Amino acid sequence: MAATVDFSLDNTHEDPSRRADLVLGGMTYGDITDNVAEIWEAGRPPKIWYVVFGTAVVLLSILGVCLLHLFFMGVGVWGNNNPVYWGFPIVNFVFWVGIGHAGTLISAILFLFRQNWRTSINRAAEAMTIFAVVCAGLFPGVHIGRLWVFYWLFPVPTEHLAMWPNFRSPLLWDVFAVGTYATVSLLFWYMGMVPDIATFRDRSKTKIQKFIYGLLSLGWTGSARNWHRYEMAYTILAALATPLVLSVHTIVSFDFAVSQLPGWHTTIFPPYFVAGAIFSGFAMVVTLLVPCRSLFKLERLITIRHLENMNKIIMATGLMVGTAYGIEFFIAWYGGVEYEKFAFINRAFGNYGISYWIMVTCNVFIPQLFWIRWFRTNLLAMVVISIFVNIGMWFERFVILMSLTRDFLPSSWGNFYPSLVDILMLIGSFGLFFTLFCLFCRYLPIIAISEVKNVSPQTLHHHGHDEHEHHVEHGTAH
Amino acid sequence: MAHSHKHDTPVETGPSSKLISLVAQFDDPHSLVAACDRAREAGYKKMDAYSPFPVHGIDDAIGIRRTRLPFFVLAVGLGACAFALLLQYYVNATDESPIFPGYKFFISGKPLFSLPANIPVTFEIIVLSSAFATFFGMWYLNGLPRFANPLHRLPMFRRVTNDKFFLVLEAEDEKFSESRSRQQLEEWGAKAIEECHEDLTDQKIPNGFRLAGIVFLFALLLPPALIYRVSGMTYRQPRLHVVPDMDWQDRYNTQTRGPNIGTPESPRYLFADGRAMQRPVSGTIARGDLTESDEYFRGYKTGTLPVSEGAGPSAQDQDGQDQDGMATGTTPEPEWVDGFPEEVVVNTDFLKRGKQRFEIYCVACHGYDGNGEGLVNQRAVALAAAGEAAWTAAKSLHDPAVKAQPIGRIFDTISNGRATMGPYKDQIPVKDRWAITAYVRALQATGIRTPQELAEANSATPEAGQ
């Protein structure tokens, strides 16, 4: 078989004797730059871009109207009420924060593991992370009711009032965790982008472009001394972001796990949440990158192998999530606490049983299709599966939250009904997300040009012939 | 493509401007590293390589020492750890400071400061501070941002962010001589060489910017100047109220004058009587205020209310209590009902309800057994005995005179009060008043004796009292 495959065009082979190429079609450095910069240099983006962007802006306007309505009327416009005081806002928050995990995982953890295939996808994934965290931050941000005193979230000194947050509350930990994550992701993203913005600066044609990209590129020249400190800083940031990315969803899970409610008060929540976050994050990356890749003709940079690797991660984390679902039931039975038992039986067969089975189908059963190679390498199939995963992950958070409707006392049971504003805000948050992502695709380098060049066959080939012994061993392409 | 002018001459630099470096172009990272090695061997110290991506091996080739950035980040991270712990200790476990005081949070009897609960925030602050230190430290050590760099003037150099590699030998280097260095670069495989001249156009700031800068600097002085001016001042104006928070509402309080729709000089009020509050229109009744049945709501048989001016239950209904509160005994009374109205069903539950209400509203004076020995009464009697208060002792419900009263009369007493006892019809709903009445009747049926009767019985048979 290997004899019939042109390795420079197909990199999905599994040949241990040969490292798979990460850039196909024999692209030179200039080709890589041109390929990525074309998206931005083109006079007009593709028509589909206008369709997606227009739709996203409409949805964003709906979100804006909902927010204004909320600001003037108060949080009563949501369906939140006794006993479900956290309704859609926290479901959407956890959903979006979870999606926001893939970017930093790809740029930090895969960097530390020397997974070179990350280079083609990390920029877009990081951008997606930041936009998802923006969407996530929106919901608890507007849930505080009196928005004009939002700064009470932070330890701001007041002269005599002694108004301080409670540092032992998981909700405060959330403020710090999500705030830190958003900030560090932004720094990481921007720092990684500076050399590529410099590329845009050097290709700018109008004065406005020159000014904006010149300002953003900070005068980057690509000096070896600068690269040296830059790479060191990148490594340090990766090392800082690695525990951070694991901590964020851990702390988000504390919101639930620290409260003493059957179905929530479990130690499995942190790892289970983190696995779910990576699962949903990668699914969103696949959802976004497959169309981007076709639309902007990036097939030689974001290869089938890249997508296949992501699908494998989706399958692996899907299995972890499925195991966690199973363990929860086992512990509920094995622990012998009747409330816990009831909570789980109720999850599967109770008042919101249908959402439990949507969750299990989308998160556990459907990703199993990725065992079959055809599903891992077929574009349409992987997009469809990744969308199912995201639907499933939204329902996972919904299912967890609906434990509130059936707590210890039957007298305090109740049901949750989302209001129209709830549903419109969920849809509107997708508008916010896609608006930002469309603008990103159009105006910023969506592939880490300098990093891809560094792992392209052209560079690795030269290294192979290099006499210098101090060269760093490159990782494999897996 | 606009990038392929390898042989363009440098633009915008006059012959008089100083040569600062020679820029040599290479086509691939391998030849760049090789040229750097040769340059180092030739003794060049002040040189730098430029590339579209980090070229491995270049650090040793041009002698770059390892950066101190990690130590800087470590120091900041450790500092952040100490800061975060101190912050949480100060904020949640102390409150002594006179200004910006902390606040001791007592939560479920847990210790004020416990490390496990403080780890998440400490961790996040460490990561956040270290990330800032890494980001800003890296740019600082790199001497960036630097927006005016003569290298950017070279059209050839624009490809440094695309596909070309450059070695730059600086004129300040001891080994540098224009002709010999150029020759060496050619030997080392340079594909193109250009001179980089000092860029005098970068030296002066454009006029507009200078003016804008001066204006901006002066503008910066305004906030502190304003703050200084107003510090310690007394204001007669109310402070700026950014968010109204329903502090002012367009409504009129009870018992106040109504809105003036005329002028201040000749006021004309919305309502003829000038009040903000208005009675219901005559002939109407507020929802829930329909009290038609005299038996149920007032305790007397329908139509038996004597017609008299200014006294009796109906007068009390309107004006609360009689002026002196003592007149009721002498006024003509209606014919009280001597059974419970048909609206109430007296059963065990009803009596329990009555007992519970009685113990809330009545026992303070009348006592649990209804003998008038409640704690308030005891205290008031003691004070009255010492001449410190005027008090009419609460009546025993077992007094024969009270026992003889019809049920409707007892209900009326609870509703409208008698003598010093106040009316309870505003506190207790009508059904509950009937329940209390029923309970009073039940108490009276127990045969408890009044204190007087007890005293008389004791004096009649002194042995029994001993």
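Please read all numbers here as calculations on a predicted model, not as lab measurements. A note on names: the letters A, B, ... follow the listed sequences, proteins ahead of strands, and every chain is numbered from 1. As a basis for the values below, the full set of heavy atoms in this structure was taken, side chains included, without hydrogen atoms, waters or symmetry mates.
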Side chains of [X] and [Y]: closer than 4.5 Å at any heavy-atom pair?
| X | Y | result |
| --- | --- | --- |
| F167(A) | Y89(B) | no |
| W227(A) | S51(B) | yes |
| V194(A) | W139(B) | yes |
| L141(B) | R225(A) | no |
| N226(A) | L144(B) | yes |
| R201(A) | H152(B) | yes |
| R159(B) | D202(A) | no |
| R66(B) | M232(A) | yes |

Any chance CZ of F71(A) has more than 12 other-residue heavy atoms, nucleotides or ligands included, within less than 6.0 Å?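 Yes - once you tally the heavy atoms of other residues, nucleotides and ligands closer than 6.0 Å, there are more than 12.
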
Report which part of [X] has an atom under 4.5 Å of a heavy atom belonging to chain A: side chain, backbone, both, or neither.
| X | answer |
| --- | --- |
| I64(B) | side chain |
| V160(B) | side chain |
| N92(B) | both |
| F72(B) | neither |
| F132(B) | both |

To the nearest 0.5 Å, how far apart are [atom1] in [X] and [atom2] in [Y]?
| X | Y | atom1 | atom2 | result |
| --- | --- | --- | --- | --- |
| F157(B) | T221(A) | CZ | OG1 | 5.5 Å |
| D163(B) | I449(A) | CG | CD1 | 11.5 Å |
| I58(B) | S223(A) | CD1 | OG | 10.0 Å |
| W164(A) | Q88(B) | CH2 | CD | 12.0 Å |
| Y230(A) | L69(B) | OH | CG | 13.0 Å |
| N142(B) | H228(A) | CG | NE2 | 9.5 Å |

Checking P243(A) against chain B: side chain, backbone, both or neither under 4.5 Å from a heavy atom?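 Both backbone and side chain of P243(A) come within 4.5 Å of chain B.
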
Where on I251(A) is there a heavy atom nearer than 4.5 Å to chain B: the side chain, the backbone, both, or neither?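 Answer is side chain: those atoms of I251(A) sit under 4.5 Å from chain B.
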
Which of parallel (below 30°), tilted (30 to 60°) and perpendicular (above 60°) describes Y190(A) and F135(B)?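 Tilted, since the angle between the ring planes falls between 30° and 60°.
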
Taking the six-membered ring for Trp and the full ring for Phe, Tyr or His, determine whether the centres of Y29(A) and F53(B) are under 6.0 Å apart.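 Ring-ring flag for Y29(A)/F53(B): true, centres closer than 6.0 Å.
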
